[in-house]
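To start, the structure under review is shown below, and the notes come after it.
Atom set for the values below is all heavy atoms of this structure, side chains included, hydrogens, waters and symmetry mates excluded. Start at 1 and go down the list; that is how both ligands and their atoms are numbered. In this chain, numbering begins with 1 at the start of the sequence shown.
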Amino acid sequence: MASDAPTPPKPTPPKLNPVRVTIAEEPVDARTTDFREVLHAYSKEDAVLEAKRCIQCRRPWCVEACPITQDCREYIRLIADSDFDGAAKVTLRENPLSTCLCKVCYHYCEDSCVVKKKGVPIAIRHLKRAALEYGNSEIVYVPSKPKDQRVAVIGGGPAGMMAAWELGVRGYSVTVFEQERRLGGLMQTIPAYRMTDADVETDRARFRDLDVTFVPGTKVGHDFPVDRLLKEDGYQAVFISIGTSTHRTLNVPGEALPGVLPALDFLKKVNHGEPVTVGREIVVVGGGDVAMDSVRTALRKSNGGHVTLVYRRGREEMPADPEEIHGAEKEGITFVFLKAPVRIAGTDHVEGLVVQSMELGPPDAGGRRSPIPVAGSEATIPCDTVIVAVGQKADLEGFGSELDLKLTSQGWPEGKQKGFETAVPGIFAAGGRSVVYAMGTATEAADAIDAYLSAKRGEPTGPRPDPFGGPGGFARPPGYTAPIRV
Ligand SMILES: Cc1cc2nc3c(=O)[nH]c(=O)nc-3n(C[C@H](O)[C@H](O)[C@H](O)COP(=O)(O)OP(=O)(O)OC[C@H]3O[C@@H](n4cnc5c(N)ncnc54)[C@H](O)[C@@H]3O)c2cc1C
Ligand code: SF4
Ligand code: SF4
C-alpha cells in the first residue's frame, strides 16, 4: 500500500557562479622588460568573493585530485568566512612548500572542480596565496618524539624536501644531500616573474625546528658511493630524489655552435644573475613548460628583440600549461607549429634554424598524434640564438644496476616496489613531473620508509602526526573517498 506521507521536496542544487574574480596582472608593456612578478595576489576582499563561489561539495573532488591531498575545500571555506589565519594553518598543515606552490602549482584540483562544468573553476591556487599573504604564515613545524634513526635524502628538490618534512615531523633525523649550492631542484630554473629563491627560503624556514640538515654542494654517487650511507655513515634508510637535472639535446648538426643554449642552463643562469648572452632573433625549440619559460625569459633578456617558438606538433598537442601558453601569446611570442629542427646553420655562430614541416599521424602510446616529416619541405628560420627546451633526464652517475631503478617516460628514476622501494632494502626512489606530483610521490615513499623503520624498531606505524605539535594525526577531509590520479 502506498504511504500517505508527503514526499519531501527535492533539495535545490546550489547555484554555480561560473565567473571567476579577476586576478590582476602587470601590463604586458611593463612586464616584458624586467623580471617583476606577472600575477598579483588577490586583495582580501576579492579573495573572500572568490571563495564564496565554492559550493563546498560534499565529496571534495578538488582534494581528491591534489597529489598531496591538500584540504583546499577547508581553506576556501575559512577564507569565505574571512578567517585567513585559519586558512593559512590548514594550507601549511599538509603542504610544507605552500609558498612555492601557491605560485607555480599546476592546480590539478581546479581541473576537477565541479564549477568547471559551468564556467571557470574556483581559483584554488590563488586562494592558497591569499591564505598565506593575509593569514599568519610564520608558523614553524614541530617534530614529534625523536626516533633514534637517521634517513639520508639524495636531492633537495620538491620530492627531497617533502620527504625530509614528512620524516622530520615524525621525529626522524634527516640529512638532505644536494649537489647544487641551492635547494629547490628544478624550481631553481623557474623564472622570477613566476617565483623566486626567496619563496623556497620562506618554505624552508618553517623546517628550522625539525631535525633536518641540508648539505649543499655534495653529489652522492660521485663524491662518495651511495651504499656508504647505509654501511658506514649510520643511516638506516635512503631516499633517492635526484629528479632530472640534465638536459636532452636535439641531436642535429650544428648544436655545438656558439649561440645554442640548453634551456636549463639558460634559465638557471638568468635566475642567479650570472652572465648570459642572447641575440635579438631568438628561436626556442620545444612545446612544454620549460619552452614557455624559455621564450618569456628570452624576450625579457633580448632588449626589444623577437622570439619564436618552434614546435613539432600542433597547438592542441602542446604539453605546456595553458596559462603559460596564454601568457607567452599575450607577450607577443611567435608560435610556429608542425616544424622540427633538422640542422642549425652557421659557421662560427648560429645564423639560422633549418626546419622540416611535419604532419600529424596516428596517436602514439601517450595518446598524442605523432609528427611525420614531409619530404622536401625544408626551410630556414634566420636567428642568432637557439634555445633547446626538449626535455630533461636523470644523471645516474653512481646509481648502479643493483638498485634496479625504473626510468619513467619523462626520465626521472623510481623504485619499482610498493612505496617506491628499490631492489636494495632500505633504499627508496621517487620524484615527478611537477612540483606537487613529486611531493605526492615523496609522501608515499616517506610512509613506506616510516613503516620500514618502525618495523626495525618493532613498533606499529601510526598516521602522520600533527606537524604543529597538537594532538591527533593526519586525517583526510570528510567526504573524501578516493584519489583521482592525474
Ligand atoms: C623551467 C621549468 C619550469 C617548471 N615549471 C613548473 C611549474 O610551474 N609548476 C610545476 O609544478 N612544475 C614545474 N616544473 C617541473 C618541476 O620543477 C619538477 O617536476 C620538480 O622539480 C621535480 O621534483 P623532484 O624533486 O622530483 O626533482 P628535481 O626538481 O629535479 O630535484 C632533484 C634534485 O636532486 C639534485 N641531485 C641530482 N643528482 C644528485 C646527486 N647525485 N647528489 C645530490 N643531489 C643530486 C638536483 O640538483 C636537484 O636539486 C618546471 C620545471 C622546469 C625545468
Ligand atoms: S597543491 Fe596544487 S593541486 Fe593541491 S590544492 Fe594546491 S593548487 Fe591544488
Ligand atoms: S570541487 Fe570546487 S566547488 Fe567543490 S569544494 Fe572543491 S573548490 Fe569548492
Which is it for T99 and D199 under the side chain to side chain donor-acceptor pair (under 3.5 Å) test, yes or no, and what are the steps along the way?
CA-CA 6 Å; T99 309; D199 296 319; over 6 Å; no

Passes side chain to side chain donor-acceptor pair (under 3.5 Å), T408 versus R433? Steps please.
CA-CA 10 Å; T408 66; R433 63 169 176 259; over 6 Å; no

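- Counting heavy atoms under 4.0 Å from ligand 1, residue F399 touches it through the side chain alone.
- Assignment of D223 to the shell around ligand 1 is not supported, since no heavy atom sits closer than 4.0 Å.
- Ligand 1 has no nitrogen or oxygen under 3.5 angstrom from a nitrogen or oxygen of V290.
- Any N or O atom pair closer than 3.5 Å counts here, and A430 shares no such pair with ligand 1.
- Just one residue in the list F239, F224, F214 forms a ring-ring contact (aromatic ring centres under 6.0 Å, His included) with F177, and that residue is F224.
- For ligand 1, one of its N or O atoms has an N or O atom of Y106 under 3.5 Å away.
- Under a 4.0 angstrom heavy-atom cut-off, F177 registers as being in contact with ligand 1.
- Here is the list of ligand 2 atoms found below 4.0 Å of a heavy atom in C105: 1 (S), 2 (Fe), 3 (S), 7 (S).
- The proximity of T218 to ligand 1, defined as any non-hydrogen pair under 4.0 Å, is limited to the backbone.
- Compare R181, K103, E178 by their heavy atoms: the one nearest to atom 49 (O) of ligand 1 is in E178.
- Here C57 does not reach atom 8 (Fe) of ligand 3: none of its N/O/S atoms is less than 2.8 Å from the metal.
- Under the 4.0 angstrom criterion for non-hydrogen atoms, T244 is in contact with ligand 1.
- Taking the side chain as every heavy atom from C-beta outward, T189 and D293 never approach each other to under 4.5 Å.
- Of all the heavy atoms of D321, none lies under 4.0 Å from any atom of ligand 1, so neither backbone nor side chain is involved.
- The ligand atoms of ligand 1 that sit less than 4.0 angstrom from a heavy atom of G157 are 25 (O), 31 (O), 33 (C).
- Between W412 and E414, the side chains place a donor N or O and an acceptor N or O closer than 3.5 Å (distance only, hydrogens not considered).
- Only the side chain of D293 comes within contact range of ligand 1, with a heavy atom under 4.0 Å; no backbone atom does.
- With values rounded to the nearest 0.5 angstrom, I387 atom CD1 is found 5.5 Å from I282 atom CD1.
- The structure places CG of L49 at 9.5 Å from CG of N17, a figure rounded to the nearest 0.5 Å.
- For atom 45 (C) of ligand 1, the candidate residues are Q179, E180, H222; the nearest heavy-atom contact is made by Q179.
- No side-chain heavy atom of R125 sits less than 4.5 Å from a side-chain heavy atom of L101.
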Stepwise side chain to side chain donor-acceptor pair (under 3.5 Å) check, E323 with H107
CA-CA 11 Å; E323 218 172 277; H107 46 70; 3.1 Å; yes

Candidate pair E329 and R315, rule salt bridge (charged side-chain N to carboxylate O under 4.0 Å, His left out), full reasoning
CA-CA 12 Å; E329 281 172 340; R315 195 186 192 290; 2.8 Å; yes

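- Heavy atoms from both the backbone and the side chain of I242 come within less than 4.0 Å of ligand 1.
- Under 4.0 angstrom from ligand 2, the non-hydrogen atoms of K128 all belong to its side chain.
- Looking only at protein heavy atoms, the nearest one to atom 2 (Fe) of ligand 3 is C113 SG, 2.4 Å.
- Put simply, CZ on F420 and OG on S241 are 12.0 Å apart, with the number rounded to the nearest 0.5 Å.
- Against a heavy-atom cut-off of under 4.0 Å, L264 is close to the following atoms of ligand 1: 53 (C).
- Remark: distances from the non-hydrogen atoms of D395 to ligand 1 are all 4.0 Å or more.
- For atom 4 (C) of ligand 1, the closest heavy atom belonging to the protein is I190 CG1, 3.7 Å.
- Partner of R31 under the salt bridge (Lys or Arg N to Asp or Glu O under 4.0 Å) criterion, out of E37, E26, E25: E25 alone.
- Of the protein's non-hydrogen atoms, the one nearest atom 4 (Fe) of ligand 2 is C66 SG, 2.4 Å.
- Side-chain contact between I124 and Q70 is absent, with no heavy atoms from C-beta onward closer than 4.5 Å.
- Checked against a 3.5 angstrom limit, the closest N/O atoms of V220 and ligand 1 fall inside it.
- Protein heavy atom at the shortest distance from atom 6 (Fe) of ligand 3 is C62 SG, 2.4 Å.
- Listed by atom number, the atoms of ligand 3 under 4.0 Å from I55 heavy atoms are 3 (S).
- Short contacts between ligand 1 and I154, defined as distances under 4.0 Å to a heavy atom of the residue, involve ligand atoms 40 (C), 42 (N), 43 (C).
- Those atoms of ligand 1 with a heavy atom of G431 less than 4.0 angstrom away are 26 (O).
- For ligand 1, the polar-atom distance check finds an N/O of S434 within less than 3.5 Å of one of the ligand's N/O atoms.
- Those atoms of ligand 1 with a heavy atom of L267 less than 4.0 angstrom away are 1 (C).
- For ligand 1, none of its N or O atoms has an N or O atom of G184 under 3.5 Å away.
- Salt bridge present: R20 and E110 bring a charged side-chain N and a carboxylate O closer than 4.0 Å.
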Under the side chain to side chain donor-acceptor pair (under 3.5 Å) criterion, do D111 and Y106 qualify, and how do the steps go?
CA-CA 9 Å; D111 292 337; Y106 293 143; over 6 Å; no

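- Set against the non-hydrogen atoms of G155, the atoms of ligand 1 under 4.0 Å away are 33 (C), 34 (O), 35 (C), 44 (N).
- At the top of the distance list for atom 8 (Fe) of ligand 2, counting protein heavy atoms only, stands C109 SG, 2.2 Å.
- Closest to atom 51 (C) of ligand 1 among all protein heavy atoms lies L186 CB, 4.1 Å.
- Each of the atoms 3 (S) of ligand 2 lies under 4.0 Å from some heavy atom of Y108.
- With distances taken over non-hydrogen atoms, the option nearest atom 52 (C) of ligand 1 out of T189, L396, L101 is T189.
- For ligand 1, the polar-atom distance check finds an N/O of V104 within less than 3.5 Å of one of the ligand's N/O atoms.
- For R194, every heavy-atom contact with ligand 1 shorter than 4.0 Å involves the side chain, none the backbone.
- Y193 carries R300 over the face of its six-membered ring, with the cationic atom under 6.0 Å from the centre and within 45° of the normal.
- Looking at A159 against ligand 1, both its backbone and its side chain come within 4.0 Å, counting heavy atoms.
- For ligand 1, the atoms closer than 4.0 angstrom to any heavy atom of S241 are 32 (C), 33 (C), 34 (O).
- Taking a 4.0 Å cut-off on heavy atoms, G432 registers as neighbouring ligand 1.
- Taking every non-hydrogen atom of R433 and a distance limit under 4.0 Å, the qualifying atoms of ligand 1 come out as 19 (O).
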